[in-house]
Protein chains: 2
Amino acid sequence: MTTIRDVARISGYSVSTVSRVLNHKNYVSDEVRKNIQKVIAELDYVPNDVARDLSRGRTMNIGVVVPNIDHPYYTDIVRGIMAAAFAAGYNVLMLPSKYDAVVEHGYLDQLRRHAFDGLIFTSHTMPVADMVPYKQYGEVVVCHDPGQIDISAAFTERGPSYRAAFRWVQRRHYRRVGLVLPRDIDISATSSATITAYKDVFGVEPEPSLIRTGVMSYDDGYAAAEYYGTNNLAPDFIFANGDDIAAGVLQYYRDGHLTPPTVMGQENQLSGQLLGIPTIDHHFRDVGAAALRLAIGAAEGQFPVHSDFIPR
Amino acid sequence: MTTIRDVARISGYSVSTVSRVLNHKNYVSDEVRKNIQKVIAELDYVPNDVARDLSRGRTMNIGVVVPNIDHPYYTDIVRGIMAAAFAAGYNVLMLPSKYDAVVEHGYLDQLRRHAFDGLIFTSHTMPVADMVPYKQYGEVVVCHDPGQIDISAAFTERGPSYRAAFRWVQRRHYRRVGLVLPRDIDISATSSATITAYKDVFGVEPEPSLIRTGVMSYDDGYAAAEYYGTNNLAPDFIFANGDDIAAGVLQYYRDGHLTPPTVMGQENQLSGQLLGIPTIDHHFRDVGAAALRLAIGAAEGQFPVHSDFIPR
DNA sequence: TTGTACGCGTTATCAA
DNA sequence: TTGATAACGCGTACAA
């Protein structure tokens with residue numbers, strides 16, 4: 001491997017002068033610069049990024065914790081992160097977590113070991129408060145509203161669009177509203193925001209028997225509908241946490257030749273468009289871009305992003 | 001920042017002994033190990049990954065070049081890569097390319113600068129032959145059949161499933177088969193494999209006016225169908241490069257209240273399931289897993305992966 | 001079993 | 001404007 005010392009020796013100048021040429025710094029005469037560049041070209045020399053990172057004390061890498069890449073929430077948010085990272089000259093490290101708190105802690109430790117400069121949690125199981133001590137080692141960013149906890153965050157403002165959606169439901173006089181939610185209400189910001197918006201609009205708690213949690217996919221949506229069906233719960237409206245999930249819900253009724261309730265999805269996915277159901281666009285790409293800017297220290301604090309209810 | 005030297009100084013042992021404890025090596029007495037581990041715990045010391053990488057000469061990072069993350073081909077293949085990387089203790093660096101050959105070359109240069117140990121091209125625009133010289137700097141892996149070129153590769157064997165699909169078409173006596181392909185035939189392995197399989201089954205070249213390239217998305221599929229429609233090309237069957245794309249094709253006819261041709265998709269996506277169209281499952285997760293094993297040097301050579309035609 | 005000292009390749013400080 | 005040299009933090013022959 002050819003090093004900066006080889007270039008120095010062969011060109012007849014010192015490593016510091018070569019380093020200055022490499023980094024386009026001043027205090028190098030045009031002639032010397034030209035000579036050194038010629039040797040660099042001849043030797044086909046390139047600097048070693050790891051040595052450079054060690055010397056500079058930063059990696060230009062940002063870690064992104066992702067429970068499962070197949071969910072549209074994550075692909076959208078990761079797209080936004082990647083685009084912003086590329087523009088800023090950063091590389092993105094994908095860190096799969098499967099919602100495992102132990103694995104999540106492992107990534108915080110990697111941050112501490114300087115494996116990357118910043119860490120974005122697109123979602124997580126561990127308590128946000130446990131992340132705070134790690135801020136001293138690099139930027140830590142979450143992608144939901146962290147409430148009172150002092151941590152950088154970028155997230156969609158679900159309240160307004162959820163309330164708009166439920167007012168739409170209310171105007172149509174649906175009586176039995178099924179809520180098909182991703183994870184338990186105490187750990188999922190999405191789920192709790194849904195419940196809160198429901199209460200804001202309807203003035204009452206949602207019917208507990210009509211709430212299904214742990215629903216993340218088309219198949220889960222199908223199973224949730226099956227649960228409603230076999231237990232004779234007969235919702236006349238179902239609010240799902242994604243268009244694909246809503247598609248699974250509808251398929252259950254279709255397979256059983258039953259009249260389906262009205263359904264609403266989220267994420268503005270192709271399946272929702274095909275089925276002609278109302279949805280909510282959370283603009284997750286913008287959330288991702290904002291999260292990255294926080295992670296590289298180009299911005300600070302909390303970044304709420306506007307979301308849109310799309311009636312159909 | 002506390003370093004290994006601090007641990008050595010405070011514990012009263014040398015850095016090499018501390019290093020041995022850190023790396024669970026032999027030749028350390030239990031008592032010394034315990035003393036040192038106590039100091040490590042007290043100081044809350046963790047080793048610096050960058051320094052470790054520099055010293056060891058490798059990063060445990062694998063770069064993955066991805067033109068656009070939203071396409072199902074890439075999300076599936078990346079999922080396979082991530083799962084295998086996680087299992088092997090590697091981190092995955094996502095490298096967006098937008099099919100730009102200059103950007104692709106930039107990532108090969110990053111490999112040369114030791115930013116990662118291996119590089120996987122899920123797809124690319126630059127010629128494969130241009131990658132060969134970079135093999136000296138680390139593993140370079142492509143995700144299509146590289147033909148005679150000596151480079152590691154993991155890819156779906158498209159031939160058998162494409163031929164099975166076209167035989168299905170043939171048995172149904174379709175006469176005017178539209179081919180809706182991703183990129184130009186000379187740069188896309190997918191496109192050329194489609195043409196070859198068509199010729200194998202039908203014994204003739206596909207009708208040039210019925211071939212559309214550059215079709216990557218639902219919207220592109222819609223536009224391709226529009227092209228057929230406005231030019232009175234009247235295909236009676238359309239072979240699309242994805243179920244979502246096939247959905248776009250069908251939507252054009254639906255919007256115009258026209259009788260659609262029969263369509264076939266690929267990727268076994270939700271949209272294809274909803275529309276009840278035949279498709280091809282390429283098992284891209286397995287391809288990704290194989291690609292990673294090649295990239296970390298756990299395997300060598302070419303890894304063809306079997307794909308399945310799914311009639312419906 | 002433990003310690004010394006050097007190498008990894010670069011950047012940054014300070015002197016010349 | 002250029003150069004010598006000390007960091008950066010860790011791993012590892014080799015010596016003891």
Side-chain angles (χ1 to χ4, degrees), chain A residues 1-37 39-40 43-61 89 109-117 137-138, chain B residues 1-40 43-61 109-117 137-138:
Chain A
M1 177 187 301
T2 115
T3 77
I4 195 172
R5 262 178 267 274
D6 298 325
V7 177
R9 187 169 35 76
I10 292 171
S11 68
Y13 297 93
S14 70
V15 289
S16 29
T17 304
V18 175
S19 177
R20 279 193 281 267
V21 171
L22 288 173
N23 296 290
H24 308 97
K25 293 248 175 97
N26 301 325
Y27 304 121
V28 180
S29 72
D30 285 352
E31 193 194 332
V32 170
R33 184 181 299 275
K34 220 162 55 184
N35 290 339
I36 290 178
Q37 273 167 339
V39 173
I40 288 176
L43 296 182
D44 202 25
Y45 163 80
V46 284
N48 179 308
D49 273 352
V50 182
R52 180 171 273 184
D53 289 345
L54 174 62
S55 191
R56 287 210 251 249
R58 55 202 183 77
T59 61
M60 301 300 280
N61 288 342
D109 276 330
Q110 281 200 42
L111 177 69
R112 200 149 82 98
R113 293 198 300 267
H114 297 270
F116 23 80
D117 301 342
Y137 307 113
Chain B
M1 177 188 305
T2 114
T3 77
I4 195 173
R5 261 178 269 274
D6 298 325
V7 178
R9 187 169 34 77
I10 292 171
S11 67
Y13 296 93
S14 70
V15 288
S16 38
T17 304
V18 176
S19 177
R20 281 188 208 101
V21 171
L22 287 172
N23 296 290
H24 308 96
K25 293 250 175 98
N26 302 322
Y27 304 121
V28 179
S29 71
D30 285 352
E31 191 193 332
V32 171
R33 185 181 299 276
K34 221 163 55 182
N35 290 338
I36 291 179
Q37 273 166 340
K38 194 177 156 209
V39 173
I40 288 175
L43 296 181
D44 202 25
Y45 163 81
V46 285
N48 179 308
D49 273 352
V50 182
R52 182 170 270 185
D53 289 345
L54 176 62
S55 191
R56 287 211 250 249
R58 55 204 183 76
T59 60
M60 301 300 281
N61 288 341
D109 277 330
Q110 282 200 42
L111 177 69
R112 201 149 81 100
R113 293 198 301 266
H114 297 270
F116 23 80
D117 300 342
Y137 307 114

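Atom set for the values below is all heavy atoms of this structure, side chains included, hydrogens, waters and symmetry mates excluded. First the proteins, then the strands, lettered A, B, ... as listed; each starts at 1.
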A.B. asks: Look at A/D49 together with B/R112 and state whether they make a salt bridge at an N to O cut-off of under 4.0 Å.
C.D. replies: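 The answer is no: the pair does not qualify as a salt bridge.
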A.B. asks: Nearest-nucleotide wise, let me know which of A/L22 and B/D30 is further upstream toward the 5' end of DNA chain C.
C.D. replies: B/D30
A.B. asks: Over all heavy atoms of both residues, which pair between A/V28 and A/R33 is shortest? Give the atoms and the distance, please.
C.D. replies: CB-NH2, 3.6 Å
A.B. asks: A/I4 has an atom CD1; how far is it from atom P of C/dA12, in whole Å?
C.D. replies: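 Between P of C/dA12 and CD1 of A/I4: 11 Å.
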A.B. asks: For residues A/T59 and A/D53, is any side-chain donor paired with an opposing acceptor at under 3.5 Å?
C.D. replies: no
A.B. asks: Return the value, rounded to whole Å, for the distance between atom CE of A/M1 and atom C1' of C/dC8.
C.D. replies: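 About 9 Å, once rounded to whole Å.
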A.B. asks: Report the C-alpha separation of A/Y13 and A/V39 in whole Å, then their side-chain angles, then the decisive distance to 0.1 Å, and conclude whether the side chain to side chain contact (heavy atoms under 4.5 Å, CB included) test is met.
C.D. replies: CA-CA 11 Å; A/Y13 297 93; A/V39 173; over 6 Å; no
A.B. asks: Tell me: CZ of B/R5 to P of D/dT12, nearest whole Å?
C.D. replies: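 Those two atoms, CZ and P, are 15 Å apart.
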A.B. asks: With a 3.5 Å cut-off and heavy atoms only, can you find an N or O donor on one side and an acceptor on the other between the side chain of A/S16 and the base of D/dG3?
C.D. replies: yes
A.B. asks: Taking any heavy-atom pair under 4.0 Å as a contact, classify A/N23: base, sugar-phosphate, or nothing.
C.D. replies: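 Contact class for A/N23: sugar-phosphate only.
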A.B. asks: Looking at the side chain of A/R56, which of C/dT11, D/dA13, D/dG11 is the nearest nucleotide?
C.D. replies: C/dT11
A.B. asks: So which nucleotide from D/dA7, D/dA13, D/dT2 ends up closest to the side chain of B/R20?
C.D. replies: D/dA13
A.B. asks: Test for a donor-acceptor pair under 3.5 Å between the base of D/dG9 and the side chain of A/R113, counting only N and O atoms.
C.D. replies: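 Check fails, no donor-acceptor contact within cut-off.
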A.B. asks: Using a cut-off of 4.0 Å on non-hydrogen atoms, how would the nucleic acid contact of A/V15 be classed: base, sugar-phosphate, or nothing?
C.D. replies: base
A.B. asks: Which part of the nucleic acid does B/S29 contact within heavy-atom distance under 4.0 Å: base, sugar-phosphate only, or nothing?
C.D. replies: sugar-phosphate
A.B. asks: Look at the side chain of B/S19 and the base of D/dG11, then say whether one donor and one acceptor between them are separated by less than 3.5 Å.
C.D. replies: no
A.B. asks: With respect to the side chain of A/Y13, which nucleotide from C/dT10, D/dG9, D/dT2 is positioned closest?
C.D. replies: D/dT2
